[in-house]
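Only one structure is covered here, and it is reproduced in the block below.
First the proteins, then the strands, lettered A, B, ... as listed; each starts at 1.
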Number of protein chains: 2
Amino acid sequence: MTKSNEHDGREKDAALVMFELLNEVGIIAQLSRTLMESRLDDGLTIHHFTALNHLVRLGDGKTPMDLARAFQVPKTSMSHTLAGLEKRGLIRMEPNPDDGRGKLVRLTDSGETVRNRAIQDIAPDMADIIPQFGLEDAQAALPFLRKLRVVLDKARDK
Amino acid sequence: MTKSNEHDGREKDAALVMFELLNEVGIIAQLSRTLMESRLDDGLTIHHFTALNHLVRLGDGKTPMDLARAFQVPKTSMSHTLAGLEKRGLIRMEPNPDDGRGKLVRLTDSGETVRNRAIQDIAPDMADIIPQFGLEDAQAALPFLRKLRVVLDKARDK
DNA sequence: AGCATATAGTACGAAATCGAACTAAACAAG
DNA sequence: CTTGTTTAGTTCGATTTCGTACTATATGCT
């Protein structure tokens, strides 16, 4: 039926490859999520950890909307996550001096400590995974994934 | 402090690489999730689609637990997803002849049709993404991701 | 066989997710 | 300055997610 312009068995449609790729990515995300979550548990969820991690790595003083956009979640969900972090004393909310509607998210010392401890707790698991296929493969995959993330991000608003 | 056995700036710890990698994967999964969801909507969620897709690709006659394990979700969540699919007439639940406790999930014709249509609806978006970094890169990434998924899956039960 | 333990699935309730509606402030145009 | 539009964030409610507890069957051990 379909025209076979090269080797039929190996002929792979671009959409097909992408489907498979995102399928794998979805499963990996789910697996890593549950793996990390099993290591966390001071009642901390992945969302809590991810937000803390983001603030440590890229600097605090972000607005809630910045974070919502960064993680592609609705602002109401981010509100909820931040409320949880604040209740635990891991962040503080300040009024945004540049925008009377807005707030700024500030890491507390405790927040940074908790994040660092979480990293320490999870790191052994991460390190254990690498040797199973070599650091080089993983390093090679990173730029590709970054690019894919950027492309998908742009495709977001059609 | 850390010994610099090569080029210090590029020296990357295995755990660090893995963190970054899974971070990217998580964001990509989230983006692709919302992208797909925007194309679906006959009330179908990603979970519905993913389950249908799995059954078409790998064959039906799986138990709910098979599916729960495949997607790494609690069995109660899978119950809920399957209930939704059954209510829509996209699957049927049979008793498992080999296990009196269990059930088998069967695709209906309608289920297969709906899955195929969903694929058709999403395919253009998938195809649009590929040219932005070349089919070869994507094909190269696939085996790596599969391996990572398998490794994580094994690490699951410590 | 009989009993202990493990497993498949469901019921139920608590928490999380997220859309809709709302408040308040910013911004844009006249 | 007023008016209309946009944006940040919260509140509220419907739906989803998922842990706990339960039932029923299977499996393993003696």
Side-chain angles (χ1 to χ4, degrees), chain A residues 26-27 29-31 33-38 40-51 60-88 91-106 156-157, chain B residues 26-27 29-31 33-38 40-51 60-88 91-106 156-157:
Chain A
I27 296 173
Q30 179 68 39
L31 287 165
R33 188 194 137 108
T34 53
L35 171 62
M36 288 193 186
E37 215 144 47
S38 75
L40 283 178
D41 266 349
D42 303 307
L44 233 57
T45 68
I46 294 281
H47 298 295
H48 292 143
F49 169 74
T50 310
D60 64 355
K62 310 283 187 201
T63 70
M65 268 311 282
D66 287 339
L67 299 174
R69 273 190 284 262
F71 300 123
Q72 279 307 295
V73 297
K75 57 188 177 175
T76 53
S77 307
M78 186 51 64
S79 253
H80 182 73
T81 301
L82 293 176
L85 286 171
E86 194 175 23
K87 198 171 53 193
R88 281 160 232 262
I91 60 168
R92 224 174 324 108
M93 300 288 255
E94 300 179 351
N96 185 343
D98 298 338
D99 186 337
R101 298 163 301 179
K103 299 185 173 179
L104 294 183
V105 182
R106 290 285 170 204
R156 186 170 48 77
D157 24 52
Chain B
I27 297 173
Q30 177 69 38
L31 287 166
R33 187 193 139 108
T34 53
L35 172 62
M36 287 194 186
E37 214 144 46
S38 75
L40 283 178
D41 266 349
D42 302 308
L44 233 57
T45 68
I46 293 281
H47 298 294
H48 293 144
F49 169 73
T50 310
D60 64 356
K62 311 283 187 198
T63 70
M65 269 312 281
D66 286 339
L67 299 174
R69 273 190 283 264
F71 300 123
Q72 278 305 294
V73 297
K75 55 187 176 176
T76 52
S77 307
M78 187 50 66
S79 253
H80 182 74
T81 301
L82 293 176
L85 286 171
E86 194 174 24
K87 199 172 52 192
R88 281 160 232 262
I91 60 167
R92 225 173 322 108
M93 301 289 256
E94 300 178 352
N96 185 344
D98 300 337
D99 187 337
R101 299 164 300 179
K103 300 186 174 178
L104 295 182
V105 182
R106 290 284 172 205
R156 185 170 48 77
D157 24 52

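Rounded to an integer number of Å, the gap from A/His48 NE2 to C/dT17 C1' is 13 Å. Here C/dA15 presents its C1' atom at 15 Å from CG of A/Leu44, a figure rounded to the nearest Å. Regarding A/Asp99, its CG atom lies at a distance of 6 Å from the P atom of C/dA26, rounded to whole Å. Atom-to-atom, CZ of A/Phe49 to P of C/dA16 comes out at 18 Å; the value is rounded to the nearest Å. In this structure, the CG atom of A/Asn96 is 14 Å from the C1' atom of C/dA24, given to the nearest Å.
A/Arg106 is linked by a salt bridge (Lys or Arg N to Asp or Glu O under 4.0 Å) to A/Asp60, A/Glu94, counting only residues two or more places apart in sequence or in another chain. With sequence neighbours excluded, no residue satisfies side-chain hydrogen bond (donor to acceptor under 3.5 Å, both in side chains) with A/Thr50. For A/Asp99, the side-chain hydrogen bond (donor to acceptor under 3.5 Å, both in side chains) partners at least two apart in sequence or on another chain are A/Arg101. Not a single ring pair (Phe, Tyr, Trp, His ring centres under 6.0 Å) links A/Phe49 to another residue, sequence neighbours left out. Residues that satisfy the side-chain hydrogen bond (donor to acceptor under 3.5 Å, both in side chains) test with A/Asp66, not counting sequence neighbours, are A/Thr63.
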(message) Between A/Leu104 and A/Met93, is the side-chain contact (heavy atoms from CB on, under 4.5 Å) condition met? List the steps.
(response) CA-CA 6 Å; A/Leu104 294 183; A/Met93 300 288 255; over 6 Å; no
Report, one pair per line, the protein and nucleotides 3-7 of chain C atoms (nitrogen or oxygen only) whose separation is under 3.5 Å.
residue: C/dT7; atom: O2; partner: B/Arg101; partner atom: NH1; Å: 2.6

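Distance check, rounded to the nearest 0.5 Å: NZ of A/Lys62 to CG of A/Leu67 gives 8.0 Å. Remark: A/Leu40 CG to A/Thr45 OG1 distance equals 8.0 Å, nearest 0.5 Å.
For the pair A/His47 and A/Arg33, the minimum side-chain heavy-atom distance is below 4.5 Å.
Using a 4.0 Å heavy-atom distance criterion, A/Thr63 is classed as a sugar-phosphate-only contact.
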Would you mind writing out the side-chain donor-acceptor pairs for residues 77-85 of chain B within the sub-3.5 Å range, not counting sequence neighbours?
residue: B/Thr81; atom: OG1; partner: B/Ser77; partner atom: O; Å: 3.2

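Reading DNA chain D from its 5' end, the first and the last nucleotide to sit under 4.0 Å from a heavy atom of chain A are D/dT7 to D/dC18.
Computed from C1' positions of five pairs at each end, the angle between the two local axes of the helix from C/dA1-D/dT30 to C/dG30-D/dC1 equals 40°, rounded to 10 degrees.
DNA chain C is contacted by B/Lys75, B/Thr76, B/Ser79 of residues 74-83 of chain B, taking any non-hydrogen atom closer than 4.0 Å.
Comparing A/Asp66 and A/Arg33 along DNA chain D, the residue whose closest nucleotide (by nearest heavy atom) sits nearer the 5' end is A/Asp66.
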